[in-house]
Every structure is written in C-alpha cells, then in structure tokens.
2 protein chains.
Amino acid sequence: MKLSTKGRYAVMAMVDLSRHAQNKPVSLSDIASRQEISLSYLEQLFARLRRAGLVKSVRGPGGGYRLARGADEIRVSEIILAVDEPITATRCADLGGVGCRTDRSKCLTHDLWEELGNQIHLFLSSVTLQDVLDRKIGPRLELAPVLPAGVGGSMAVS
Amino acid sequence: MKLSTKGRYAVMAMVDLSRHAQNKPVSLSDIASRQEISLSYLEQLFARLRRAGLVKSVRGPGGGYRLARGADEIRVSEIILAVDEPITATRCADLGGVGCRTDRSKCLTHDLWEELGNQIHLFLSSVTLQDVLDRKIGPRLELAPVLPAGVGGSMAVS
DNA sequence: ACTAAATCCGAGTCAATTGCTTGGTTTTTC
DNA sequence: GAAAAACCAAGCAATTGACTCGGATTTAGT
C-alpha cells in the first residue's frame, strides 16, 4: 500500500463529504473551498473514487457527490487504494520475484516489507470514515515484545 | 516516516553487511554485486548511514564498512530515517500547521496520520537487523478490541 | 615510491509522480 | 436557453528516485 499525500487529500475530501452530507449531494466546489484543494484535482480524485464504488455522482445544477455507503461502512484503506496507483513491483516485491528464488539471502528483507504492509493495511482497515468524524482514532495496537525505549525521533508518514 | 525503495535498498544493504561481517570490513562493491544495486548509489546511501553513526568506514584497499554497533542493536527504523529525507511538512503536517488551528474540521484526519506514523515507527523500531537475519519477522502486533461502532465512550488519545 | 583498491564527493541525467491548470463536453435544473 | 454541476483530456512545473560520470583522497601491498 502506497502512502502519499494523494491518499491524504482523498481522505480529507471524503471526511468533508460525509461531514456535510445532508439530503442534498455535496458539490466538489464546496469541498474544494473548504479543504483548499484545487477543484480540478478533486475531480480527478473523485473520478477514481467513483470508479471504485465509494461515491455516487449526481449531475446537473444542485448535483454533487454522495457516499455510496454509510460512513461507518467505508474504511480509510479503501479510499487510499482507490486513488493511489497500485504498488510498483519493486526488485523482489510480489509473487515470483526473480531474485527471491535464486538467492534466498537476497530477500531476507522480503518478510519485513510484507509484514510492514500488513500492519499498515490492518491499521487503515480498522478505521472507518465515521471513526475519523467521531475522532475515535487513538492508540489501538500493542506491541508484543518490547524494546528499550529511547529510540524516539519525530515521525510522520508521507 | 517516509517509506520508499530508497529505505529498502539501505536495509537490504545493511542486512547484507551484517550477514557477511567477518574480521575484515565489507566493501561496497561486494554488496553491490550480491544485492544488484549500483555501486555509486550504494556509496550515497552509506554516506548517510555513516553520518548517522550506523556504520564505520575503513579506507584503502581491503577496506570497507563495518556495523558501528551489534546487529541486535540496530533497528530498521534507524536505517530508514538515516537515508530518507525528513518529512516534507504537508498542508497540516506537524506542529502549528496553519489550517489545523483555523478550521478544526479541516484536520479531522490529523490524528489519523499521526497515529499511522506511530504504528509504522513502532513496528520498524521493534525489528533489529539481527531479527531480519534470523528471520524472526512475523505477525507481532495485535489489534486491541475493535471499538463497537455505536457503543462506548471515546478512546483515550494521548 | 608506485599501483591499485577502496572510500569519498559533487554534479548531472532521466523517468515517474504530484499537484495543479486550461479548455473544453455533457447532463440537468430552473 | 442559461447556468451549475459532473465529466474528460492534455499539458506543465517542481520534486524525487535511482542512477551515471568523473574525479579526489586514503592506504595496503609490492
């Protein structure tokens, strides 16, 4: 799973959409001005979100977008998968990576990346739009074995 | 924390280094041929790793690199932080992001990204080079009981 | 002292991606 | 029929990733 600002914009927009959902659909220009994202860029993102079946569109004046499902049925991971390009298969990425088979030592890191991907997906799948709206995000995972502290450093994900 | 193939290359190289560590230091050309990474690119990565204090260099023929500490004392997160550029402060990223203050609804996603960053860092900090060598990577984290959508109080956010 | 192995260093390249802009077309409501 | 909206396609500037090129410096061996 690729993590980029593109995915963040999409999530921001989807949160905005579910937050301002009334009877009327929400227009992209509303979202654009509220979230300070360019309208055309939003159009591109929502084209993908629509193709992924996460939103429905209503054309014509007074139109806009609606969530295709309830906010509690849409997971953040779905949004990010919808807008981000699929993972570019790196050197030894997915199935049958050449280097993986030939020299197994070359891919000692394979398991590591795979497990990291699992962790990220697990986390983002555990959060729905409704959770974000309700600010229910908090520390949810626990480490099994623990390490001496002090490895700190500021973090962020891009 | 930025996740790119750059960090992966660095981890691959560091794993290779610790795997082939004998009395003699390991030359980059050895790593380059084993891991199929370009030598010059490796040089750039190791310049950063050295500046970060993760490896020590020995110049001259027969020279190369050594781990600055034991493989069980180097965490994967350190390697990635060493080679990847620091986070580009996005729209509402770190402290004092403008949009965060003015319109709090704009940053409902803030906690989400922050917590995701925590998760990633937590995971990568829990894995040492030695763990990768020993193939000790496996599912290590467990989801805390998922919050029932409607029920219960708010989560503690630290 | 000479050579060669290695680390160091800085610049440049090339393709992909991001976040946008421009300029439309269609659909639909009033 | 005018205007609001979704749609669509092309292009573009800046950045980054993964390199290459061309050296320079250090040092072990002879």
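Below, chains carry the letters A, B, ... as their sequence lines are ordered, and counting in each starts from 1. Side chains are part of it too, since the values below use all heavy atoms of this structure and drop only hydrogens, waters and symmetry mates.
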Practice prompt. Determine: side-chain N/O of Ser57(B) to OP1/OP2 of dC8(C), distance under 4.0 Å, yes or no.
Written response: yes
Item to complete: Pick base, sugar-phosphate or nothing for Arg50(B), based on heavy-atom distances below 4.0 Å to the nucleic acid.
Response: sugar-phosphate
Worksheet item: How long is the line joining CG of Leu42(A) and C1' of dT21(C), in whole Å?
Response: 14 Å
Response to the item:
Between CG of Leu45(A) and C1' of dC7(D) the distance, given in whole Å, is 14 Å
Worksheet item: Nearest to the side chain of Asp84(A), which nucleotide is it out of dG17(D), dT18(C), dC20(C)?
Response: dT18(C)
Worksheet item: Looking only at side chains, do Ser27(A) and Ser29(A) share a donor and an acceptor under 3.5 Å apart?
Response: yes
Practice prompt. Starting at atom CD of Glu43(B), determine the distance to atom P of dG23(D), rounded to an integer number of angstrom.
Written response: 15 Å
Fill in: Side-chain N or O of Tyr9(A) closer than 4.0 Å to phosphate OP1/OP2 of dC20(C)
yes
Discussion item. Using whole Å, what does the distance between atom C1' of nucleotide dA4(D) and atom NZ of Lys24(A) come to?
Written reply: 13 Å
Response to the item:
Ranking Gly7(A) and Arg59(A) by the position along DNA chain C of their nearest nucleotide, the one closer to 5' is Gly7(A)
Practice prompt. Answer yes or no: is there a donor N or O on one side and an acceptor on the other, between the side chain of Ser33(A) and the main chain of Asp30(A), under 3.5 Å?
Written response: yes
Worksheet item: dG23(C) C1' sits how many Å from Leu39(A) CG, rounded?
Response: 13 Å
Response to the item:
Closest to the side chain of Pro61(A), out of dT29(C), dC20(C), dC7(D), is dT29(C)
Worksheet item: With sugar-phosphate meaning primed atoms plus P, OP1 and OP2, does Ser40(B) contact a base, only sugar-phosphate, or nothing at under 4.0 Å between heavy atoms?
Response: base
Discussion item. Regarding Phe46(B), tell me which of base, sugar-phosphate or nothing describes its non-hydrogen contacts under 4.0 Å with the strands shown.
Written reply: nothing
Fill in: Value rounded to 0.5 Å, distance of CG in Asn23(B) from CZ in Arg66(B)
8.0 Å
Worksheet item: Rounded to the Å, how far apart are Met12(B) CE and dG17(D) C1'?
Response: 15 Å
Practice prompt. Check whether any side-chain nitrogen or oxygen of Ser27(A) sits under 4.0 Å from OP1 or OP2 of dA4(D), and answer yes or no.
Written response: no
Worksheet item: Tell me: OH of Tyr41(B) to P of dG12(C), nearest whole Å?
Response: 19 Å
Worksheet item: Is there a donor-acceptor contact under 3.5 Å from the side chain of Arg48(B) to the main chain of Ile79(B)?
Response: no
Discussion item. How many whole angstroms separate atom CD of Gln44(B) from atom C1' of dA6(C)?
Written reply: 17 Å
Practice prompt. Say whether, by atom type as modelled, one donor and one acceptor occur between the side chain of Asp131(A) and the main chain of Thr128(A) under 3.5 angstrom.
Written response: yes
